[in-house]
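These notes concern the structure reproduced below.
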2 protein chains.
Amino acid sequence: MQARSRATVDALVEATARILVREGFEKASTNRIAEIAGVSVGSLYQYFPSKEALVAAVIDRHNEEIMGIVRAALTEVADLPIDKAVRRLVTVAIEAHRIDPKLHRVLAEQIPRTGQLKDVEAFNREVHTLVRAYLESRRNEMRKIDPGLATFICVSAIEAVAHNTVLNQAEMLSEKTVRTLVDETTRMVVGYLR
Amino acid sequence: MQARSRATVDALVEATARILVREGFEKASTNRIAEIAGVSVGSLYQYFPSKEALVAAVIDRHNEEIMGIVRAALTEVADLPIDKAVRRLVTVAIEAHRIDPKLHRVLAEQIPRTGQLKDVEAFNREVHTLVRAYLESRRNEMRKIDPGLATFICVSAIEAVAHNTVLNQAEMLSEKTVRTLVDETTRMVVGYLR
DNA sequence: ATATAATGCGAGCATTCACTCGCTTTTCCT
DNA sequence: AGGAAAAGCGAGTGAATGCTCGCATTATAT
């Protein structure tokens, strides 16, 4: 039956994420994952050909969540002037990183980059492409500047601020702090673009 | 008989770095490291209590190299106005990341962050402190702004540009590209600060 | 030359862990 | 009900690997 197996798959992915967050990558053995999922190792290998594939599924789920938000934001921002748009994007970047900070941290710090590096790169490229398209459509509001370069610098800067904010300050982030941070980052990026 | 043992220690650290770069973290077993170093596993454990400690030594050596450059730059820049200083710092950041890009990549991507995370944080804090001190000494050239916040944003942005540049473009970086990148990043940061 | 200490050796132990396979249970269909 | 197919089970396997320990070699001191 399908419902049953989908539940098993979900339980496995969920359990993997939980263990990664609660006990770190090292403790995440396939046996343990199966145990936490309430499933046998045999079933695990019925659905995932390797441990790597399982971890990749977790990464994908998380990235897909983030990309959903980012894509939506970039669509809804398409008609806004640069200052409004950048502000929104900075806000969204921080929000996206805050979805599941602990998981984000583990994925960023503890997962050995192997095969699925390709996937992460794909997400990166997508963000790049989308941002670049937006910037090109707003060329008239900007100074003369190579769009690829501008995209690279802006995305790097915004991503870094969001990333470091979430990693360093963990969960303790007041609304006010976030607002100030958004203000400042927006100011930097907008000032740079025009 | 210190010379002999120092040579052994050096050989071990060097071999570890080589294996990390050439074959990745997974292939870096203690047995293999000892073999490449031309030393026995027993000797390895005479000088390093664990594999982790060995990897930590490699990380430390690399970080120390980078910090040496950064510290020097920040000292020699102390009397320069903001625009000159920032330009120098951006340049140095990229240079520092280019010291050993392959090792840098492995350290950034493949090493599970365990204990020695503390060390990395210490380096981070030092950079922060130094930059902040500089900014505070130049307050008069800047708009009214919280120094801690400004430091956080500037360091994040510069670091991210340098990091991504080196990671994405590997070794293929023309002088011209670097100069443009430095120009643009400098422009962004300086524009932001004043 | 002899004794003592420092350094080095590497086979092997103990453990962990990804993964397999033969079997059982559950679900579906007629 | 009966049987086939789908899903699940978990003890067991084999390989990898971090690390130990008893012994061998080399340096220093007397």
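Throughout, protein chains are lettered first and strands after them, A, B, ... in sequence-line order, and every chain is numbered starting at 1. Because the structure is a prediction, the values reported are computed rather than measured.
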- Message: From the set D/dA11, C/dC9, D/dA27, return the single nucleotide nearest to any side-chain atom of B/S40.
- Response: C/dC9
- Hey, are A/E64 and A/R71 close enough for a salt bridge, meaning a charged N less than 4.0 Å from a carboxylate O? yes
- What class does the angle between the rings of A/H128 and A/F152 fall in, given that below 30° is parallel, 30 to 60° is tilted and above 60° is perpendicular? tilted
- Task: Would you classify B/Y47 as touching base, sugar-phosphate or nothing, given that sugar-phosphate means primed atoms plus P, OP1 and OP2, and contacts are heavy atoms under 4.0 Å?
- Result: sugar-phosphate
- Find the distance A/L44:CG to C/dC17:P and express it as a whole number of Å. 15 Å
- Note on the structure: Result for 5'-nearest mapping on DNA chain D, choosing between A/N31 and A/S43, is A/S43
- Task: Report yes or no: is the cationic atom of A/R143 (NZ for Lys, CZ for Arg) closer than 6.0 Å to the six-membered ring centre of A/Y192, at no more than 45° off its axis?
- Result: yes
- Task: Please work out if B/E26 contacts a base, only the sugar-phosphate, or nothing of the nucleic acid, heavy-atom cut-off 4.0 Å.
- Result: sugar-phosphate
- Using a heavy-atom cut-off of under 4.0 Å over every strand shown, decide if A/E52 touches base, sugar-phosphate, or nothing. nothing
- Note on the structure: The complete set of ring pair (Phe, Tyr, Trp, His ring centres under 6.0 Å) pairs with one or both residues in residues 3-30 of chain A, sequence neighbours excluded, reads none
- Note on the structure: Whole-Å distance, B/Y45 OH to D/dG22 P, equals 18 Å
- C/dA18 OP1/OP2 closer than 4.0 Å to side-chain N/O of A/T30: yes
- Message: For A/Q46 and B/R4, find the nucleotide of DNA chain D closest to each by heavy atoms; which residue's nucleotide sits nearer the 5' end?
- Response: A/Q46
- Are A/E175 and A/R179 close enough for a salt bridge, meaning some N to O gap below 4.0 Å? no
- Rounded to the Å, how far apart are B/L54 CG and D/dC19 P? 10 Å
- Checking D/dC19, C/dC17, C/dC9 against the side chain of A/S29 (C-beta onward), the nearest is C/dC17
- Which whole-number value in Å describes the distance from A/I33 CD1 to D/dG10 P? 17 Å
- Query: If we only count heavy atoms from C-beta on, is the B/E14 to B/V58 side-chain gap below 4.5 Å?
  - Reply: no
- Nucleotide C/dC17, atom P - distance to CZ of A/F48 in whole Å: 20 Å
- Less than 4.0 Å between a side-chain N and a carboxylate O, is that true for B/E76 and B/R88? yes
- Query: Got a sec? Which of residues 5-14 of chain B come in under 4.0 Å of DNA chain C, heavy atoms?
  - Reply: B/S5, B/T8
